[in-house]
Amino acid sequence: MPLRRAFTLGAAFLAMSLATPLVHAQGASAGAPLRFVVPFPPGDGLETAARVLVDLVAKDLNTTIVIDNRPGASGAIAAETVSRTHDGKTFLVGTTAIMGITPFVRTAPYSPADFVPVAKFAHISAVMAIRNEIPARNWAEFVALAKAAPGKYTYATPGDGTLTHLAMVTLTRHAGIDMVAVPYKGMGPALQDFVGGRLDVYTEPAVVQTAKAGKVRAIAVNSAHRLAELPDVPTYDEAGIKTSSTPWIGLLAPKGTPPALNAQLTAAFRKAVSSPEFASRLPAGIEAAYSNAEDFGKQLQTEQDLYKRLIGSLNLKLQ
């Protein structure tokens, strides 16, 4: 049975228990709690970001929101759960991969058309880092090395057709370099191999603290602004890196959810995301970033078109 958390006014501590949540407050979900299905396991950085947001939104709406953890299958388990639930109370905490990649790279039990956007609330700031032993101080110098030695340098991915893989394919194509993707079952073991010198490039938020400690060299961050943890490291734009998109986290509703409730959540998200408390409680590598339903929907369509073309060009179709 999936792990569940409830967030109620003045009851954040209870959110860490495994018990069925208590429903005390009335508000947006009078008579029943809202349920946010999350495709991440407990303790994951993205799950933490969702939990922080839920805490603030539940307080603002004076209601109860349950977090239902459904990790696995690149988010397909969570997305399928929500797409088949039409109680007007269940929502999906979605990602770039769930809405723009998974349905096009494999046979998925859901379609992006099953959902309507509610609000985007965060960006995931991937950090590009290289081994200290590589004689490059920035992206331009690394590109020069890679062009001189096609196929020499390696980078980690959590598998073919994942966001990390497709983002790296995009930026290496733009740069005109040939690198070797090394798939891992998890990016934790990949980070260990990277720090141990068995990989050349790593591009995930988890590398922030390792780079800050000087164990590897960060050369760019996929973010609109430089990270406070790595103030001397340029953004992708500053470094001249062209990639597919900045990964996001957002809320989506299954089609048929009452529009008034969606609108109420959109407004509550705007208020929560703009609060200093939200930004201060986010894990390293995750930034507050709000888009309303209309703008979020436009972004989804743009990304879906982009990734469908990219996946088609790679002839990727996974089981």
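As the structure is a prediction and not an experimental result, all values here were calculated from the model.
Contact check for Leu53 versus Val273: side-chain heavy atoms found under the 4.5 Å cut-off. Phe91 is not listed as a side-chain neighbour of Val93, based on a closest heavy-atom distance of 4.5 Å or more. Annotation: side chain of Arg226 is in contact with side chain of Pro234 (closest heavy-atom distance under 4.5 Å). Considering only heavy atoms from C-beta on, Val57 comes within 4.5 Å of Phe269 through its side chain. Side-chain contact between Phe36 and Leu251: present, with at least one pair of heavy atoms (C-beta onward) separated by less than 4.5 Å. Pro112 places a side-chain heavy atom less than 4.5 Å from the side chain of Gln304.
Of all non-hydrogen atoms in Val201 and Met179, the two that sit nearest each other are CG2-CE, 3.6 Å. The two residues Arg173 and Leu310 have their closest heavy-atom pair at NH1-CD1, 3.6 Å.
To the nearest 0.5 Å, the span separating NZ on Lys215 from OG1 on Thr210 amounts to 6.5 Å.
Inspection of the Ser223 and Glu287 side chains reveals an N or O donor paired with an N or O acceptor under 3.5 Å. A donor atom on one side chain and an acceptor atom on the other are not found under 3.5 Å apart for Thr257 and Asn262.
Counting non-hydrogen atoms of neighbouring residues, nucleotides and ligands closer than 6.0 angstrom, the CZ atom of Arg217 exceeds 12 such neighbours.
Ring orientation note: the planes of Tyr202 and Phe194 are close to parallel, at an angle under 30° on the 30°/60° scale.
Taking the centre of each ring, Phe121 and Trp248 stay at or above the 6.0 Å mark.
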